[in-house]
Amino acid sequence: MELVEESPYRFRIDQRDPMRVPGVVFASRALLPDIAGDRSLEQVANVATLPGIVEASYAMPDVHWGYGFPIGGVAATDVGADGVVSPGGVGFDISCGVRLLTADLDRTALPALLTGLMDGLDHAIPRGMSKGAVWQLDGRAQLDEVMRGGSRYAVERGHGVERDLYRCEDYGAVTDADPGQVSERAVQRGQGQVGSLGSGNHFLEVQAVDEVYDEPVATAFGLRAGQVCVMIHSGSRGLGHQICTDHVRVMERSMTRYGIEIPDRQLACSPVSSPEGRAYLGAMAAAANYARANRQLLTEATRRVFEQVAGSGLDLVYDVSHNLAKIETHGYDGTQRRLCVHRKGATRALPPGHPDLPADLIEVGQPVLIPGSMGTASYVLTGAAGGPAFASTCHGAGRVRSRKQATRAVHGQDVRSQLEARNIAVRGASRRGLAEEMPEAYKDVSAVVESAERAGLCRPVARLLPLGVVKG
DNA sequence: ATGTGC
């Protein structure tokens with residue numbers, strides 16, 4: 001795999017058969033995947049073979065190996081030119097994403113409150129594999145409402161306030177969800193998980209704004225230095241996982257019918273406008289709404305704890321997904337085209353002036369929420385005008401060691417006491433979970449964010465530091 | 001990521 005340096009933060013994989021477009025990796029030289037021991041660049045090249053792909057197969061600075069597509073990948077296909085949609089381009093955790101909430105508290109008030117808050121959250125936040133949820137749904141009919149209405153339905157039912165919807169991607173729900181394309185098995189798995197964190201890299205953190213880089217934008221987002229925040233990172237749990245599994249299987253079988261040849265079965269795909277493509281997009285949208293409702297219910301549980309322990313409310317800064325495909329209009333080849341933009345481990349980053357932004361954010365751009373690895377900083381960014389990858393940027397630190405490698409590397413060292421030694425409170429994390437998520441298993445999120453900024457993908461707004469973490 | 005695993 002040969003990389004051509006186009007500029008200090010942009011490398012190209014030249015197009016050669018059967019690639020339809022080049023690959024482009026946005027990263028500093030230091031952050032580039034190790035070509036010898038990592039197959040993610042090969043995956044970037046594989047994605048470039050997809051029917052209808054336009055411009056390039058893009059990789060963000062946090063790129064690493066994933067199912068078919070790399071995590072940290074962005075690929076747009078032209079809907080009007082038989083462009084495809086691929087479940088592997090979204091990932092198993094459909095609409096995994098992040099929301100950030102601000103408290104009416106300064107970090108100076110926290111030492112006296114942190115233990116109470118963390119104990120309250122420990123009790124209030126269901127987490128881990130299939131271990132309960134905040135919301136007990138009343139049968140499939142109500143789950144269908146969640147899949148159709150997302151956060152909007154949750155708020156309608158009293159789980160949140162109207163303002164939450166203005167600060168959620170798609171005003172809390174996408175409109176094209178089709179619960180009829182969600183299997184009974186997916187429903188069974190998702191039924192009891194609305195309002196649950198999950199495990200792996202999912203977390204709820206109490207954080208503080210450590211540094212503000214752009215005062216006017218931070219103010220528009222509702223952020224100030226020293227402010228206490230809560231970040232929630234979760235997705236669509238077993239429901240999204242099962243939807244991905246189901247539709248990959250269907251698409252694998254339909255490939256020959258559409259004459260699609262791909263170098264890796266994990267890139268299974270169908271034309272966006274085909275029955276299989278539309279079925280997947282309808283089910284994917286249902287999972288996207290489910291994930292927003294999930295984060296909304298986790299928000300409500302967190303609010304109850306903050307109200308009771310600290311007498312503080314929590315305002316939503318934003319909720320944005322980093323695993324999703326969306327039909328969007330972008331200028332390409334001199335005209336406006338409808339493109340299916342796959343973002344897998346990549347965050348939508350709308351620039352200032354974009355019509356899809358809520359009125360109070362249109363001048364400053366979309367809040368982009370970047371969770372760091374456990375115990376490290378997280379970032380708030382905003383979209384950059386003229387960004388080079390369909391209004392997308394990175395999504396986090398990006399793994400450099402597999403879960404297995406990380407577990408081996410811990411060698412009995414106590415990740416929990418290392419966090420506590422740095423005054424970060426930990427609740428509910430399994431020893432193994434902590435080992436898999438140790439910061440050494442990830443790239444340096446600060447370097448990732450710096451590369452994304454230098455590549456012109458986004459602009460930095462604020463850095464957040466963790467005070468307490470709740471994990472599965 | 002995930003009723004970690006065909």
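Here is the naming used below: chain letters follow the sequence lines, and residue numbers restart at 1 for every chain. Keep in mind that the numbers below use all heavy atoms, side chains included, and drop hydrogens, waters and symmetry copies.
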- request: For residues A:His233 and A:His322, establish whether the separation of their ring centroids is below 6.0 Å.
  value: yes
query: So does A:Arg403 get a side-chain nitrogen or oxygen closer than 4.0 Å to the phosphate oxygens (OP1/OP2) of B:dT4?
result: no
message: Whole angstroms only, please: what is the CG-P distance between A:Asp246 and B:dT2?
response: 16 Å
- request: Using modelled atom types only, decide if a donor and an acceptor are shared between the side chain of A:Ser236 and the backbone of A:Asp93 within a distance under 3.5 Å.
  value: no
query: Nearest-Å distance, NE2 (A:His202) to P (B:dT4)?
result: 15 Å
A:Ser86 side chain to A:Tyr280 side chain, donor-acceptor N/O pair below 3.5 angstrom: no
query: Between A:His64 and A:His395, how do the two ring planes meet: parallel, tilted or perpendicular, split at 30° and 60°?
result: parallel
query: Looking for any heavy atom pair under 4.0 Å, which part of the strands does A:Arg185 touch: base, sugar-phosphate only, or nothing?
result: base
- prompt: Could you state the CD1-P distance from A:Ile71 to B:dT2, rounded to the nearest angstrom?
  reply: 13 Å
- prompt: Which whole-number value in Å describes the distance from A:Arg432 CZ to B:dG5 C1'?
  reply: 11 Å
- request: Report the distance from atom CE of A:Met129 to atom P of B:dG5, rounded to the nearest whole Å.
  value: 8 Å
message: Does any part of the side chain of A:Glu437, heavy atoms only, come nearer than 4.5 Å to the side chain of A:Val415, both counted from C-beta?
response: no
- prompt: Tell me: CD of A:Glu437 to C1' of B:dT2, nearest whole Å?
  reply: 14 Å
Gap between atoms CD and P, on A:Gln188 and B:dT2 respectively (whole Å): 18 Å
query: How would you label the contact of A:Gln193 with the nucleic acid (heavy atoms, under 4.0 Å): base, sugar-phosphate, or nothing?
result: sugar-phosphate
query: So does A:Ser199 get a side-chain nitrogen or oxygen closer than 4.0 Å to the phosphate oxygens (OP1/OP2) of B:dT2?
result: yes
- prompt: Is A:Gly91 touching bases, backbone alone, or none of the nucleic acid, heavy atoms closer than 4.0 Å?
  reply: nothing
query: Please give, in whole Å, the distance from B:dT4 P to A:Gln242 CD?
result: 12 Å
- prompt: So what does A:Gly235 touch, heavy atoms closer than 4.0 Å: a base, only the sugar-phosphate, or nothing?
  reply: nothing
message: Categorize A:Gln191 for me: base, sugar-phosphate, or nothing, with a 4.0 angstrom heavy-atom threshold over every strand shown.
response: nothing
